[in-house]
Amino acid sequence: MSELSTQTASPKAKYRADYIKPDYTITDIDFEFDLYDTATHIVAVSKVVRQVETDAALVLNGDGLELVRVEVNGTAWSDYDVSESSLTLRSLPASFDLTIETLVNPEANTLLEGLYKSGGGFCTQCEAEGFRRITFYLDRPDVLARFTTKVIADKTSFPYLLSNGNRVAEGDLDNGRHWVQWQDPFPKPSYLFALVAGDFDVLRDKFKTMSGRDVELEIFVDKGNLDRADYAMASLINSMKWDEERFGLEYDLDIYMIVAVDFFNMGAMENKGLNVFNSKFVLANSKTATDTDYQGIEAVIGHEYFHNWTGNRVTCRDWFQLSLKEGLTVFRDQEFSSDLGSRAVNRIQNVRIMRGPQFAEDRGPMSHPIRPEKVIEMNNFYTLTVYEKGSEVIRMMHTLLGEEKFQAGIKLYFERHDGTAATCDDFAQAMEDASGVDLTLFRRWYSQAGTPVVTVTTDYNAEQKRYLVTIEQNTAPTAGQDDKLPLHIPMDIELYDSVGHVIALECNGEPIHHVLNVTEAKQVFEFDNVNEKPVISLFREFSAPVVLEYGYSDEELVFLMVHARNEFARWDAGQMLLAKYIRTNIANVQQGKDVELPESVIDAFRGALLDENLDPAFIAEMLALPSENEIAGWYKIVDVDAINAVAGKISAILAYALEDELTAIYRSLSQGEYNLAHEAMAKRALRNRCLSYLAHTEEGNKLVAEQYVSSDNMTDTMASMAAANNAELPCRAEQMTDFSDKWTHDGLVMDKWFMLQGANPAADSLANVRKTMSHPAFDLKNPNRTRNLVASFCANNPVRFHAKDGSGYAFLTEILTALNASNPQVASRLIEPFLKYRVYDEQRQALMRAELEKLAKLENLANDLFEKVQKALDQ
Ligand code: TRP
Ligand code: ZN
């Protein structure tokens, strides 16, 4: 039996427009798993009900399964056909019990979909279409069944046997095995099924819900890791409380379990009552995890918990509706993190993801609307567009409706759709009906791909005291979608007078709301009673996922950096100022000139650095340059070397010009005992930002080496190592050896080291990456290890990956070829840098295209890669 479904012809695409209800549904399923490493028998007894008049065949999905037996109402059934991907049954009664026994090999399952072994334990991953690798089933999210699951395994090796819902029975068998039976009272689609068996340490706690029910909380971690689960537990409790307070949503089962596993394709999975997590998003203590890791844990724990309502209680009708649960749940986890921590810093970090990788996705061959129209491999659509842009679309509704009406919309959505599988349209309709806000045009965000460019011009008439704001929107054609229409864009603005006071918005004596409704290709907004030429703040809070074009002067940007009322706008002005000089300098470098920054720009950043009224975490963001990838996105033809040179030199110019201030602040922020309060994290963020600049100066870089030696926590350790790595300091080599000696036994911690190896700017970086692959902690079959080393080199080290000799490209093809066979889902993430070959010079384009053509010819090319390679070659 081969692991991958053998591919005879080109895989077939599915279209959103082709949705039809299933001919049959399944109301109940009774499972029995007899777990063995290489041969697990699974018996599923399903209650099947026909939903159409005619006696249609029942076509069940399957993948990589061995069929052992089929029974209908308890007797052997022979009127069926079985193929690699389906089981078709004929001559069936209108309703019946269907028994199917399958045999699978969890140990050989390197895809990490379906039932597999991670470390010593068993676990499952079913979203999107992994359930069909467990049993033949109607594996689609609009079939909701009540699950009962009996798990049988060896008692010594697998003392914990877990599944969804409540534990209803258990017992011992005489052969050293034992069993537990679980029952989930909530009907659910197959993708939310989960099973775990293993030996763990368990962290337990309790939560009392707002209506007074007690919930048992359990976090299962590998033995020896109990001291790394506290933050995840605290985050879970915070999530449960927050969802009650902000959304009025309460947990619905008596137990909530989280299992941390080392082998996992994505971040985490919201299986009902039994979340399975990548251990990266559970395990942390001050010695092993950075502040960024802690923030990730809080966000992902929140995200999966919030899915219990937005995803599980109301699920998706079909996979084209994925953003219904993901966009909304990302919005909820972003709000959670913002309510608990710094709203401004969270917003800035999320906007960076939009402007960098999401905008890049919108420009590339895989570009799709947040609700895709055509899919070959569903795993390819768990994207920044569906998740992050999907969240921005929900956020725009929130901006248009306001919190109160938005919450009324949520309430109506649950009244209408609780316990069912819904669509994105259902959500928009509930928002519209509950608020009275017309969302007809707004719905276009669900169907139109691409990033709109909004060009603004302003005109002030001193005599009439009138200010005109002219807005034009345009969305460039995207892959497979040539014609674009105007969108409903909420544009949040503010006007300032010359001393920084806010000017009231009005026209003809009527007040105007600060969120303008831009709905046409070209529109003019008029403001009167404006006594002097104002400075305008545009798209405050990034009120829409668009590119803004406005001819700000340096003076206006420096003014906004100081005077804008909200922190986001101040940061954004700083970014626009930097962007201007990054562009100018790239042009200069291309003409062989030097990199320069005017004194006024340096002063603006000095001002931000020294502003004692600002949150240090916010100052750290103010001082961060856009990433090289974000800068690359501004160009039709990308010059990776010039971008890298300019980014490096601007950092060095700022470092030398501000050396005294950076050093003084660095020293003044030196810490007492490590703790996780926002204030302490904020200070570390700014201190380590200072360090990253100081790494460029002769005096300052000594601090980098000192910090590594004196650090008592991973945040400061990593900051020192990253600074040494980026600036290629002599202390780097010693640090890397010391770190690897200390942590080789711990893959999760070593991921940080692998990431640095991948990002190493040294000329021999690729040779070093290749050598690193034989480090004892490296394992190409572990997605975390692979991502940290390979993606950090291929996606985040542009100068070395895009080496003119094509060596970086050849390396990626080798990795993709290996992963195509063992784990195509991970391969499909790593291939991304190849998809954008069109934006490089001709020589690099040709080299990358040749690699894509090689991949296209691979025998048994998996659907995941097939879809991307084909789209890339077609562009
Ligand atoms: N639903 C998960 C989430 O966003 C993500 C997910 C989709 C996933 N497919 C997966 C996780 C496969 C792991 C493996 O929370
Ligand atoms: Zn999710």
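Every number for a ligand or one of its atoms is a count from 1 in the order of the listing. Everything numeric here is computed off the predicted structure, so don't read it as measured data.
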Vertex the Zn ion (ligand 2), arms to E326 OE2 and H307 NE2, rounded to 10°: 80°
Protein heavy atom at shortest distance from atom 9 (N) of ligand 1: E127 O, 3.5 Å
Sub-4.0 Å atoms of ligand 1 with respect to non-hydrogen atoms of E270: 1 (N), 2 (C), 3 (C), 15 (O)
Test of ring centre spacing under 6.0 Å for F406 and F331: yes
Sub-4.0 Å atoms of ligand 1 with respect to non-hydrogen atoms of H303: 3 (C), 4 (O), 15 (O)
Subset of ligand 1 atoms that lie under 4.0 Å from at least one heavy atom of A268: 2 (C), 3 (C), 5 (C), 11 (C), 15 (O)
Donor on one side chain, acceptor on other, D201 and N225, under 3.5 Å: no
Winner among E326, Q125, M378 once heavy atoms are compared against atom 10 (C) of ligand 1: Q125
Interfacing atoms of ligand 1 (cut-off 4.0 Å, heavy-atom, Y382): 7 (C), 9 (N)
Atoms of ligand 1 close to H307 [distance to a heavy atom under 4.0 angstrom, numbered from 1]: 3 (C), 4 (O), 15 (O)
Donor on one side chain, acceptor on other, E373 and H368, under 3.5 Å: no
Per-atom contacts, ligand 1 versus E304 - under 4.0 Å to a heavy atom: 3 (C), 15 (O)
Spatial distance of atom CD (E392) from atom CD (Q358) [nearest 0.5 Å]: 8.5 Å
No-hydrogen, no-angle side-chain donor-acceptor test under 3.5 Å, N380 and S828: yes
Under 3.5 Å donor-acceptor, T383 side chain and V386 backbone: yes
Closest protein heavy atom (residue, atom, distance) for atom 6 (C) of ligand 1: M266 CE, 3.5 Å
Side chains of Y191 and N271, donor plus acceptor under 3.5 Å: no
Taking atom 5 (C) of ligand 1 as the reference point, the nearest protein heavy atom with its distance: Y387 OH, 3.3 Å
Polar contact flag, side-chain donor to acceptor under 3.5 angstrom, N109-K117: no
Proximity flag K325 to ligand 1, non-hydrogen atoms under 4.0 Å: yes
Donor on one side chain, acceptor on other, T290 and D293, under 3.5 Å: yes
Minimum-distance atom from the Zn ion (ligand 2) among N, O or S atoms of H303: NE2
Contact atoms of ligand 1, heavy-atom distance to M269 under 4.0 Å: 1 (N), 2 (C)
